[in-house]
Amino acid sequence: TFWDTRNNIAKQELEYEYGITDWFAIEPGIAFVREGDEHFQVDAVDFELRFHFWQFAYDRILPALNVEYEHPRLEDEKDRGEVKLILSRYGQDGQDYTFNLNGGRELTADGQREAEMTFGYVRPFHEVDANSSAYFRTEPRFGIEAVHDFQESFNGAGPLFVYRGTKHL
């Protein structure tokens with residue numbers, strides 16, 4: 001959820017992440033936007049492919065790569081492509097850290113480019129026994145995400161809420 005209080009714009013993004021194999025996932029998503037006093041409208045749909053490398057292990061850096069295609073609702077906006085390099089560290093106590101470096105552009109010959117980096121941290125609401133498999137637990141977790149946009153020199157931060165419905169969801 002993004003809320004620009006200066007311009008009264010709200011954006012809500014929803015994604016469904018599904019692991020096809022231990023190394024590959026698909027992530028379809030949809031974004032809604034509200035400007036001023038208007039109702040929420042579909043802003044874009046997207047489709048991501050996520051690849052991760054190395055065998056899962058706690059307390060080490062695990063790299064991944066996302067490739068995303070976004071199709072905006074408005075006809076005057078261009079389709080976009082994005083590549084994300086992701087470095088994550090999962091703690092057995094349920095604390096996770098992730099760093100993303102994202103680069104994208106409109107899918108036209110002279111398409112507008114953008115780049116950003118993000119950092120996120122989540123943890124369980126309560127302490128988790130370090131002998132259990134915290135990563136596969138289904139309790140909700142909370143945290144914070146920080147963003148820096150290189151083109152617009154924009155910095156932002158906000159809360160995160162993570163819920164894993166089942167071990168595989």
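Index from 1, following the sequence.
Under the 4.5 Å side-chain heavy-atom criterion for grouping Ile, Leu, Val, Met, Phe, Trp and Tyr, Tyr16 is connected to Leu49 within one hydrophobic cluster. Leu62 and Phe24 end up in the same hydrophobic cluster when Ile, Leu, Val, Met, Phe, Trp and Tyr side chains are linked at under 4.5 Å. In terms of hydrophobic clustering, with Ile, Leu, Val, Met, Phe, Trp and Tyr side chains grouped at heavy-atom distances under 4.5 Å, Val67 and Tyr18 are assigned to a common cluster. Tracing side-chain contacts under 4.5 Å through hydrophobic residues (I, L, V, M, F, W, Y), one reaches Phe40 starting from Val42; they form part of the same cluster.
Between Ile86 atom CD1 and Asn100 atom CG the span is 5.0 Å, to the nearest 0.5 Å. With rounding to the nearest 0.5 Å, the separation of CZ in Phe32 from CG in Asp43 is 10.0 Å. Atom CZ of Arg89 sits about 10.0 Å away from atom OH of Tyr121, to the nearest 0.5 Å.
Taking all atoms of both residues into account, the shortest heavy-atom contact from Ile144 to Leu160 is O-CD1, 3.6 Å. Gly19 approaches Ala25 most closely through the heavy-atom pair CA-CB, 3.9 Å. Pairing each heavy atom of Ser88 with each of Thr98, the nearest pair is OG-OG1, 2.9 Å. Nearest heavy-atom pair across Gly94 and Pro124 is O-CD, 3.4 Å.
Each of Phe53, Tyr58, Trp54 was compared with Phe56 under the ring pair (Phe, Tyr, Trp, His ring centres under 6.0 Å) criterion, and only Tyr58 meets it. Among Glu35, Arg73, Arg34, the one residue that satisfies the side chain to side chain donor-acceptor pair (under 3.5 Å) test with Gln41 is Arg73.
Between Phe125 and Phe161, the ring planes lie tilted relative to each other; the angle falls in the 30° to 60° range.
Other residues, nucleotides and ligands contribute over 12 non-hydrogen atoms within 6.0 Å of the CH2 atom of Trp23.
Residues passing the salt bridge (Lys or Arg N to Asp or Glu O under 4.0 Å) test with Lys78: none are found, sequence neighbours excluded. Evaluation of the side-chain hydrogen bond (donor to acceptor under 3.5 Å, both in side chains) rule for Arg60 yields no partner, not counting sequence neighbours. Scored by the side-chain hydrogen bond (donor to acceptor under 3.5 Å, both in side chains) test, Glu145 finds no partners at all (sequence neighbours excluded). Under the side-chain hydrogen bond (donor to acceptor under 3.5 Å, both in side chains) criterion, Asn155 pairs with His148, sequence neighbours left out. In this view, Glu27 and Arg50 satisfy the side-chain hydrogen bond (donor to acceptor under 3.5 Å, both in side chains) rule, not counting sequence neighbours.
Ring to ring, Phe99 and Phe119 are not that close: their centroids are 6.0 angstrom or more apart. A ring-centre distance under 6.0 Å is not found for Tyr90 and Tyr97.
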Side-chain donor-acceptor pairs under 3.5 Å in residues 108-117, sequence neighbours left out?
| residue | atom | partner | partner atom | Å |
| --- | --- | --- | --- | --- |
| Thr108 | OG1 | Gly111 | N | 3.2 |
| Glu114 | OE2 | Arg80 | NH2 | 2.9 |
| Glu116 | OE2 | Asn102 | ND2 | 3.0 |

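Side-chain contact check for Phe150 versus Leu101: some heavy-atom pair is nearer than 4.5 Å. A heavy-atom distance below 4.5 Å is not found between the side chains of Asp46 and Tyr69. In this structure, the side chains of Phe47 and Ile26 come closer than 4.5 Å at one or more pairs of heavy atoms. Contact of the Glu13 side chain with the Lys11 side chain is registered, since non-hydrogen atoms from C-beta on lie closer than 4.5 Å.
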Side chain to side chain contact (heavy atoms under 4.5 Å, CB included) between Asn8 and Asp37, intermediate numbers included = CA-CA 8 Å; Asn8 198 18; Asp37 294 329; 4.2 Å; yes
Please report the C-alpha distance between Arg141 and Asp96 in whole Å, then the side-chain angles of each, then the deciding distance to 0.1 Å, and finally whether the salt bridge (charged side-chain N to carboxylate O under 4.0 Å, His left out) criterion is met.
-> CA-CA 10 Å; Arg141 296 183 298 155; Asp96 300 343; 2.5 Å; yes
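A donor-acceptor contact shorter than 3.5 Å is absent between the side chain of Asn66 and the backbone of Val83. Between the Asp149 side chain and the Gln151 main chain, a donor and an acceptor come within less than 3.5 Å of each other.
Under 4.0 Å is where a charged nitrogen must lie from a carboxylate oxygen, and between Lys84 and Glu48 at least one such pair does.
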